[in-house]
Every structure is written in structure tokens, then in C-alpha cells.
Amino acid sequence: MKVLVTGGAGFIGSNLCERLLADPTIEQVRVIDDLSTGFAENLSGLGVEFHEASILDVGALERASSGCDAIVHLAALGSVPRSIENPMATHDANATGTLNVLQAARRVGNAHVVLASSSSVYGANPRLPKSEDMLCQPMSPYAVTKLATEQYAMAFAKVYDLPVLPFRFFNVYGPKQRAGHVYAAVIPVFVDAAVRGVPLPVNGDGQQSRDFTYVGTVVDVLATAVTAQVTGGPTNLAFGSRTSLLDLIALIEQGIGRSVEVEHRPARTGDVPHSQADNSVLRGLFPSLDPVPLEEGVRATIAWMEQTLQV
Ligand code: NAD
């Protein structure tokens with residue numbers, strides 16, 4: 001089986017490439033990535049066929065996807081604040097980019113497409129836990145593009161019989177997720193600060209909660225979806241835990257074995273207050289899942305960060 005990973009030089013993508021290459025049923029892994037937020041070094045030594053190009057370049061996408069049986073579509077410009085600052089760039093990469101990927105899948109004879117959507121599609125709908133049949137009320141341009149991603153996939157399934165499976169990721173974290181840039185996610189920002197011994201920046205009061213999912217668990221699900229050719233509608237990829245930022249900080253303190261300082265900042269526009277997945281659809285599709293617990297995942301993230309920062 002030949003698999004193309006779009007955005008494969010990114011955080012989740014590079015972890016996925018490593019996981020796919022460990023599977024004997026996978027003959028080749030290709031990556032298309034324009035390195036806008038990813039890093040070629042994430043793939044060093046892995047043995048993937050790397051196409052440094054944008055998914056907005058249809059010719060490059062056609063070359064990268066030729067002969068592929070499956071595509072895992074992860075390429076996107078992440079971050080709610082980035083999309084508020086530049087909605088067009090986010091739209092181009094995430095919505096138009098997805099359309100290009102789906103067209104490429106059709107061109108190679110209807111390759112199976114597994115796609116990354118986001119819990120941000122639930123947006124202003126306050127109901128918890130978030131179940132897939134709830135009304136989506138996106139609160140940012142980013143969330144709209146992720147809704148477009150999954151809706152394009154479902155439309156292609158309907159009208160062209162394309163086999164698809166869009167996943168709604170909820171706060172994925174783990175090794176290879178970087179801090180040190182303005183759009184960094186909360187776990188790498190906190191772990192980086194804790195390891196360096198500087199105050200942890202908390203937006204708002206820290207009571208906001210998230211359903212954190214370890215990247216090793218996410219890539220296991222993605223790899224199983226590819227090899228077992230699982231198809232379906234938008235599916236939450238998280239396990240129904242709900243951890244506040246203050247509880248997360250306590251776990252980080254346990255992991256590094258000392259207390260940390262916290263610096264409160266204003267709450268961010270477009271961020272949802274709470275997020276927690278209903279995982280019954282996921283469990284129905286993947287009954288034998290065994291997610292990595294948060295304590296263990298945070299310890300692995302601290303170890304990676306310490307190694308990266310060489311402290
Ligand atoms: P990431 O930024 O590390 O990875 C995205 C990759 O896509 C990067 O390597 C980037 O260079 C590449 N890319 C961006 N635009 C591109 C383009 N036009 N052409 C080719 N490559 C392009 O982010 P990630 O956290 O690994 O996210 C992967 C996917 O998961 C994204 O679609 C993101 O929206 C989605 N997602 C992630 C999370 C999370 O918690 N990390 C949550 C919800 C959804």
C-alpha cells in the first residue's frame with residue numbers, strides 16, 4: 001500500500017509517518033509539505049519520499065499522489081488567532097487545499113482519504129460533551145475552514161463515491177510539537193516554560209478546559225483507519241476527558257518534580273471556553289482503542305522537550 005501524507009513534515013504528520021513506516025503492510029510513505037509551519041528535520045532518517053510543495057500547486061499534488069492507495073490529509077494552517085489575522089491565507093490552505101486533495105484522490109482512481117478536521121467546528125454551541133450530531137457554530141475563520149474540509153469530503157463521498165473519513169481532532173499534544181512561535185499550542189508552551197524555569201503564560205483564569213489527546217494515540221487511530229480502509233462521517237478523535245489548564249499545570253509540576261510560576265494574560269478572542277468529546281462514534285469504528293493517559297503523555301512530552309532544549 002502507498003500512502004501520501006499531506007502536511008507530513010508537521011507535528012502530527014511526522015509522528016504519523018514514523019508510525020506508518022513501522023507497518024509491514026505499508027510499502028511507501030510520501031509527504032507533500034511546503035514547510036510553512038513544518039520542518040524537514042522532523043522527517044530526517046525516516047525514509048519517506050518528500051515533495052516540498054504546496055497542496056495549492058495542483059501539478060505537484062498530482063505528482064505526489066500518483067499511484068497512491070490512500071491519502072491522509074493533514075496539511076493546513078492551524079491556529080485560531082492566525083486565521084483572525086489573515087483569513088484569506090487560512091481559507092486558501094485549508095478549504096481550497098482540501099478541494100485540491102480530494103480532486104487528486106479522484107484522479108488516482110478514488111484513493112481512500114482520511115482528513116483532519118477540528119473540535120473548533122462546535123464553536124459557540126455550549127453543550128458538553130460534543131457529539132457529532134450537534135449543531136456546528138464556528139467562531140473563527142479557522143473553524144469555518146475545518147467545517148469546509150469535512151463537508152467537502154462528505155460531499156465527495158456522496159457525489160463521486162470517494163471513500164473518506166474526516167476526524168475532528170481535539171487538542172493533540174506530544175513530542176515534535178513546538179513552542180517558541182506566536183501560534184503555539186498550550187501544552188508545548190507550558191512544558192517549554194516549565195522546563196526553562198520561566199512563568200507559564202495562562203490566557204484568562206485557567207479554568208477553561210480541553211480534551212487533550214496524545215499524538216501516539218492519534219497516529220495509531222489514523223494508521224488503523226488507513227490500513228483497514230475505514231470510512232464514515234465526521235468523527236471525534238478524543239476520549240472524553242476534560243482537563244482545566246490549572247489541572248494541566250499541576251500535572252506538569254508533578255512531571256518535572258517542582259512547582260512552577262504562572263502569569264495570567266487576557267482571554268483570547270475566538271477561543272471556546274470548554275471542550276470535551278463524546279467518543280461513542282470513535283469507539284464504534286475502533287473498538288479496541290487504548291488511549292495513552294494524560295499523565296504518561298505529559299511525561300513523554302517533558303522528556304522530549306528536555307532533550308530538545310538540552311537541559
Ligand atoms: P502543523 O502546523 O505542525 O502541521 C501542518 C503541516 O501542514 C505543516 O508541516 C505545514 O508546513 C503544512 N502545510 C501548511 N500549509 C500547507 C500547504 N498549503 N501545502 C502543503 N503543506 C502545508 O500542525 P499539526 O498540529 O500537525 O496539525 C495537523 C492537522 O491537524 C491540521 O490540519 C490541523 O488543522 C489539524 N488539527 C490539529 C490539532 C492539534 O491539536 N494539533 C487540533 C485540531 C486539528
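Numbering of ligands and ligand atoms starts at 1, following listing order. When reading the values below, keep in mind they use all heavy atoms of this one structure, side chains included, and skip hydrogens, waters and symmetry mates.
- With hydrogens left out, the protein atom closest to atom 40 (O) of ligand 1 is Val172 N, 2.8 Å, a heavy atom.
- Within the 4.0 Å heavy-atom cutoff, Ser119 does not count among the residues contacting ligand 1.
- The option with the heavy atom closest to atom 44 (C) of ligand 1, from among Gly78, Ser117, Ala116, is Ser117.
- Here the side chains of Thr224 and Val230 are not in contact, with every heavy-atom distance at 4.5 Å or above.
- Residue contact check: Leu74 has heavy atoms under 4.0 Å from atoms 28 (C), 29 (C), 31 (C), 32 (O) of ligand 1.
- Against a heavy-atom cut-off of under 4.0 Å, Gly38 is close to the following atoms of ligand 1: 8 (C), 9 (O), 10 (C), 11 (O).
- Relative to atom 34 (O) of ligand 1, the option among Tyr142, Tyr173, Phe11 with the closest non-hydrogen atom is Tyr142.
- Closest to atom 4 (O) of ligand 1, if we only count protein heavy atoms, is Gly10 CA, 3.6 Å.
- Arg168 and Glu132 are not joined by a salt bridge, as no carboxylate oxygen comes within less than 4.0 angstrom of a charged side-chain nitrogen.
- Atoms of ligand 1 lying under 4.0 Å from any heavy atom of Leu35, numbered from 1 in the order shown and given with element: 11 (O).
- The aromatic rings of Phe212 and Tyr173 lie perpendicular to each other, with more than 60° between the two planes, well past the 30° mark.
- If you run side-chain contact (heavy atoms from CB on, under 4.5 Å) between Thr6 and each of Arg30, His51, His73, only His73 comes through.
- Residue contact check: Ala9 has heavy atoms under 4.0 Å from atoms 9 (O) of ligand 1.
- By heavy-atom distance, the residue among Asn42, Leu77, Thr149, Asp33 lying nearest atom 9 (O) of ligand 1 is Asp33.
- Interface atoms of ligand 1 facing Thr37, defined by a heavy-atom separation under 4.0 Å, are 1 (P), 2 (O), 5 (C), 8 (C), 10 (C), 11 (O).
- No heavy atom of Ala185 sits closer than 4.0 Å to any atom of ligand 1.
- Look at Glu18 and Lys176 and you find a salt bridge, because one of the NZ, NE, NH1 or NH2 atoms lies within 4.0 Å of a carboxylate O, short of that distance.
- Ligand 1 places these atoms under 4.0 Å from at least one heavy atom of Asn171: 40 (O).
- Residue contact check for ligand 1: Lys146 places a non-hydrogen atom closer than 4.0 Å to it.
- Close approach of ligand 1 to Ser54 (heavy-atom distance below 4.0 Å) involves ligand atoms 17 (C), 18 (N), 19 (N), 20 (C).
- Distances from atom 23 (O) of ligand 1 to the protein include no heavy-atom value under 4.0 Å.
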